[in-house]
Engineer: 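The structure follows.
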Amino acid sequence: MPPKKAPGKQATLGSFFAMPAGVKPPVPVKEEKVASSPAIEAGSSPVTEKKEEDVEVAEVKKDDDVKMSDAESDVEPSKKTTKRKVVDSSSESETATPKSPKTKRTKSPPKKQAKTTKRSIIETTNDSIDSAISVSKAAAKEDAATPEAESEVSDKEADVPDAVAKKAAEEIKAFKPAEKTKDWEKEGVPYAALCATFEKIESTTKRLEILSYTSKFFRTVIAASPGSLLQVVYLTINRIAPDYEGVELGIGEGLLIKAISEATGRSIAQVKQDYQETGDLGTVAQRSKGMQPTMFKPKPLTVPSVFSNLKEIATTSGQSSQAKKIGIIKKLLSSCQGNEAKYLIRSLEGKLRIRLAEKTVLTALAQAVVASEADKKGKIAKTEDIVQGEDTLKTVFSNLPSYDIIVPELLNNGVNGLGDRCTLTPGVPLKPMLAKPTKAITEVLDRFENQKFTCEYKYDGERAQIHLTPDGKSKVYSRNSEDMSGRYPDIVSRLERVVNDATKSFVLDCEAVAWDIQEKKILPFQVLSTRKRKDVQEADVKIKVCVFAFDLLYLNGESLLTKSLSERRTKMHEAFQEVEGEFLFAKWMDGQSIEEIQFFLDESVKDSCEGLMVKMLEGPESGYEPSKRSRNWLKIKKDYLAGVGDSLDLVVLGAYHGRGKRTNVYGAFLLGCYNPEAEQWESICKVGTGFSEEDLENHHKVLKEHVIVKPKGYYSVADSGPNKPDVWFEPRVVWELLTADLSLSPTYKAAIGMVNAEKGISLRFPRYLRVRDDKKPEEATTSEQVAEMYRAQASTQKASGGGAGGVDDDFEY
DNA sequence: CGGGATTCACG
DNA sequence: ATCGTTA
DNA sequence: TAACGATAGTGAATCCCG
């Protein structure tokens with residue numbers, strides 16, 4: 001059944017702005033004791049406030065020499081933490097902290113040393129931030145209380161629920177919105193408070209600490225300004241609306257650099273230079289601001305104001321929209337203080353990069369809500385309640401991934417019974433279940449020993465979650481919950497032909513695959529990707545698709561997630577009927593022997609599939625687990641199997657500066673194959689994955705000796721565009737790469753003219769394997785070999801297509 | 001109308 | 001996709 | 001070992017700027 005609030009689009013959009021003002025006072029929640037189950041405390045993650053304190057205590061003890069001086073003065077926390085391997089000497093002078101953790105990580109130092117240093121940084125940073133933003137009196141009390149509590153804790157640790165509960169009680173009682181948070185209710189949460197939390201989080205790599213900082217901050221927000229909670233959550237996961245609403249900022253690196261440049265009066269070249277050195281635009285913005293003389297102190301930013309500005313950026317379109325967006329960013333930047341610029345820019349980049357993402361945010365939110373509920377009743381949150389809350393919230397969110405619905409529901413009615421109020425609803429996409437990759441059939445047999453399992457073809461197309469609501473509306477969602485109905489009007493309209501009479505509402509998990517009507521065959525993914533994206537009219541659909549259905553998650557008002565796969569599959573077959581070339585059930589086979597699987601795998605490859613999915617068939621473990629990469633679904637991909645995957649030896653022609661943790665090394669490389677006839681190297685792909693951090697350092701060391709100012713005359717590469725490397729190399733180094741597939745490319749030059757007059761060949765999913773010291777650059781894979789690999793692949797895809805002739809046909813759409 | 005920037009799909 | 005860190 | 005987050009790829013469509 002639908003949740004109380006309809007998951008409609010317009011309603012949620014508007015509600016953001018209304019939220020801070022129209023806060024409903026939290027409703028007292030009915031007391032409900034959860035039977036304590038012994039399984040839980042033995043279990044995985046009973047993270048309570050209690051335990052987190054333990055961590056902090058331990059650290060304080062170890063680092064007696066922690067510098068506290070900053071904590072007293074109202075210093076901007078940023079001063080210290082901004083400094084990130086910075087060259088600019090002028091801004092260095094006032095700080096004492098030696099290094100940032102980030103710099104160290106990229107250097108891969110001896111681990112023990114790193115840890116010690118990191119700890120002391122954590123402590124100083126946290127203290128100074130706490131005081132700087134004065135989160136609440138509670139924070140101060142916590143700190144004060146810590147030393148006494150310590151002995152209790154470390155002694156009994158293992159099983160003293162009483163002591164634990166006692167400590168938790170103290171903490172929760174101590175936790176009150178202090179005077180300084182009083183105006184949070186009026187103005188909304190200060191953006192500085194959120195950024196201070198980000199700063200703390202960024203300062204550690206410990207997941208429990210990250211979780212703790214997040215949940216404490218959420219508790220503060222719930223207590224002081226619940227109306228900001230939804231926006232705080234959105235800013236923390238760095239989004240502005242549910243995925244399926246399709247609200248995008250439309251801001252990328254280029255515009256951001258322009259905005260920073262304009263806002264700080266520095267040249268674009270300077271900003272780019274800094275970006276290359278720091279690997280982080282946020283830091284660049286903050287530093288650039290620091291170099292400007294500040295005339296007067298701007299009005300502090302608040303979470304609601306930042307959030308509504310982001311929304312505004314997202315909804316701005318049309319002529320000179322880019323200028324308008326830049327204008328908004330400049331205005332925001334001018335109001336930023338301390339570290340706010342850093343996180344504002346990172347938000348706009350779409351990457352907070354503080355090791356905090358959705359899963360952890362959900363856990364923290366659950367903890368905070370449970371703790372706050374108990375707090376309101378003057379009680380103590382029990383560990384079981386917290387663990388259960390985390391569980392409930394995660395499940396609920398998987399089924400109904402909308403903070404717009406869940407957060408108000410949590411605030412009004414708490415986490416108890418949330419699972420009944422917010423359920424899987426046709427019309428709201430749920431997170432698809434994912435499969436674990438395996439490398440061999442034996443691995444599959446090991447996993448499913450003595451269990452019933454089934455095999456299905458793994459189709460090479462696009463995941464499509466098809467919904468039909470009881471009022472007869474249908475939608476198609478992508479793997480990432482984007483609304484694709486406008487891209488697939490043909491799928492929407494064919495539903496009536498495939499749905500049986502008794503089927504009134506459903507959620508169906510499928511793969512949409514490009515379909516050759518003449519040959520009645522599957523076409524490669526590259527064909528599918530040439531389909532128009534927006535406002536497709538059914539009449540002018542050029543690329544036909546066939547839907548392959550493989551799972552049914554909801555039928556006629558009932559969620560089937562907890563049913564076994566065999567039951568779901570039976571219901572699916574009853575509820576739908578196949579129509580050739582339009583709607584088919586994924587081909588499956590229930591055989592359990594290695595021979596049967598091997599045979600089926602070979603068949604799937606012959607039938608233009610990527611390999612197999614192998615799934616638990618019976619019992620509770622065969623339930624559908626949204627968003628989980630579960631061991632109950634495995635995939636066997638053909639290119640992982642011996643002999644089917646392709647390996648090439650390629651020459652490194654150029655490289656791109658790394659970012660984030662790859663600052664100061666090359667982050668990606670341009671590779672080429674060799675054409676002995678033309679005596680030239682031809683670009684074939686970029687590669688940026690498969691390297692260990694050590695590899696990257698070594699490659700940087702070796703390759704920087706071969707840097708040349710411009711490409712050799714005997715390099716055949718695209719003359720411009722984003723593929724142009726930041727640095728070029730002499731042709732010296734040869735690497736072995738793995739790839740899944742080869743594709744015809746408009747940008748790369750490899751084997752150009754050999755299978756297609758204008759297009760070269762590139763690699764799909766290239767990954768670095770190892771150095772080939774034993775090969776000279778002239779011994780690299782040749783263009784002719786590349787062309788041959790492409791032809792071989794094309795002939796399997798086209799079956800009897802007849803070699804090169806058929807190759808071009810595949811792509812003449 | 002071409003090219004740059006952005007977003008999205010796949011892995 | 002792969003890798004590294006944490007638990 | 002699993003979970004999670006951070007780093008990367010090609011290619012196409014689409015939007016906006018000049």
Side-chain angles (χ1 to χ4, degrees), chain A residues 44-45 47 105-106 108 111 204-211 243 246 248-258 279 316-323 325 350-360 363 436-437 458 460-464 478-480 482 484 487 511-512 524-536 610 628-631 635 637 639-640 656 658-663 665-669 671 684-696 720-723 737-748 759 761-769:
Chain A
S44 40
S45 65
V47 182
R105 272 194 304 282
T106 60
S108 76
K111 277 175 186 163
T204 180
T205 60
K206 302 263 185 297
R207 293 223 298 264
L208 292 179
E209 280 180 42
I210 290 173
L211 177 60
D243 299 312
E248 300 296 338
L249 287 173
I251 288 282
E253 192 181 289
L255 287 180
L256 230 32
I257 288 175
K258 204 169 165 201
T316 299
S317 67
Q319 197 165 39
S320 60
S321 59
Q322 296 186 344
K325 289 179 182 190
K351 288 174 165 187
L352 235 29
R353 300 190 10 250
I354 55 176
R355 299 173 208 86
L356 171 67
E358 186 132 32
K359 291 271 165 59
T360 312
T363 309
K436 271 202 61 178
K458 185 178 190 309
D460 189 10
E462 192 173 328
R463 192 106 178 228
S478 76
R479 175 192 146 101
N480 292 323
E482 306 277 339
M484 307 292 271
R487 178 177 167 135
E511 190 84 7
F525 175 79
Q526 202 180 10
V527 174
L528 179 67
S529 70
T530 62
R531 241 181 104 113
K532 252 187 92 186
R533 294 240 220 119
K534 294 201 165 167
D535 305 318
V536 176
E610 279 188 302
K628 276 221 177 89
R629 197 174 285 284
S630 155
R631 294 162 69 247
K635 60 180 164 192
K637 289 201 31 198
D639 53 303
Y640 286 144
Y656 308 82
R659 314 159 169 197
K661 61 184 181 183
R662 294 194 181 172
T663 308
V665 295
Y666 301 126
F669 305 84
L671 300 189
I684 186 167
C685 71
K686 290 202 279 182
V687 66
T689 192
F691 308 101
S692 68
E693 284 175 7
E694 195 187 353
D695 289 336
L696 286 171
S720 71
N723 277 2
L737 261 65
L738 276 183
T739 184
D741 268 324
L742 292 86
S743 58
L744 283 181
S745 164
T747 42
Y748 291 100
K759 295 186 173 186
I761 289 173
S762 186
L763 309 183
R764 193 177 174 200
F765 314 134
R767 49 218 188 260
Y768 168 87
L769 204 59

Engineer: Have a look at A:Ile354 and say if it touches a base, only the backbone sugar-phosphate, or nothing, with a 4.0 Å heavy-atom cut-off.
Structural biologist: sugar-phosphate
Engineer: As a test of reading the structure: which of D:dT14, D:dA8, C:dA7 is closest to the side chain of A:Lys206, going by heavy atoms?
Structural biologist: C:dA7
Engineer: When the C1' atoms of B:dG11 and D:dT7 are considered, how many whole Å apart are they?
Structural biologist: 15 Å
Engineer: With a 4.0 Å limit, can you tell me whether A:Lys686 has a side-chain N or O closer than that to the phosphate oxygens OP1/OP2 of D:dG9?
Structural biologist: yes
Engineer: If you compare every side-chain N and O of A:Arg764 against the phosphate oxygens of B:dG11 (OP1, OP2), does one of them come in below 4.0 Å?
Structural biologist: no
Engineer: Any side-chain N or O of A:Ser745 below 4.0 angstrom from OP1/OP2 of D:dG11?
Structural biologist: yes
Engineer: May I ask you to say what A:Phe765 touches in the nucleic acid, namely base, sugar-phosphate or nothing, with a heavy-atom cut-off under 4.0 Å?
Structural biologist: base
Engineer: Classify the nucleic acid contact of A:Lys258 as base, sugar-phosphate or nothing, counting any heavy atom under 4.0 Å across all strands shown.
Structural biologist: nothing
Engineer: Does A:Gln322 or A:Ile251 map to a spot on DNA chain B nearer the 5' end, using the closest nucleotide for each?
Structural biologist: A:Gln322
Engineer: Which nucleotide, D:dA2, D:dC16, B:dC10, lies nearest any side-chain atom of A:Arg631?
Structural biologist: D:dA2
Engineer: Quick one: is A:Ser320 getting a side-chain N or O under 4.0 Å of the D:dC17 phosphate, OP1 or OP2?
Structural biologist: no
Engineer: Apply side-chain contact (heavy atoms from CB on, under 4.5 Å) to residues A:Tyr748 and A:Leu763 and explain how you reach the verdict.
Structural biologist: CA-CA 10 Å; A:Tyr748 291 100; A:Leu763 309 183; over 6 Å; no
Engineer: So does A:Thr530 get a side-chain nitrogen or oxygen closer than 4.0 Å to the phosphate oxygens (OP1/OP2) of D:dG11?
Structural biologist: no
Engineer: Please state how far atom CG in A:Asn480 lies from atom P in B:dC10, giving the value in whole angstrom units.
Structural biologist: 7 Å
Engineer: Looking for any heavy atom pair under 4.0 Å, which part of the strands does A:Leu356 touch: base, sugar-phosphate only, or nothing?
Structural biologist: sugar-phosphate
Engineer: Between A:Glu462 and A:Arg531 (salt bridge meaning N to carboxylate O under 4.0 Å), is one present in this structure?
Structural biologist: no
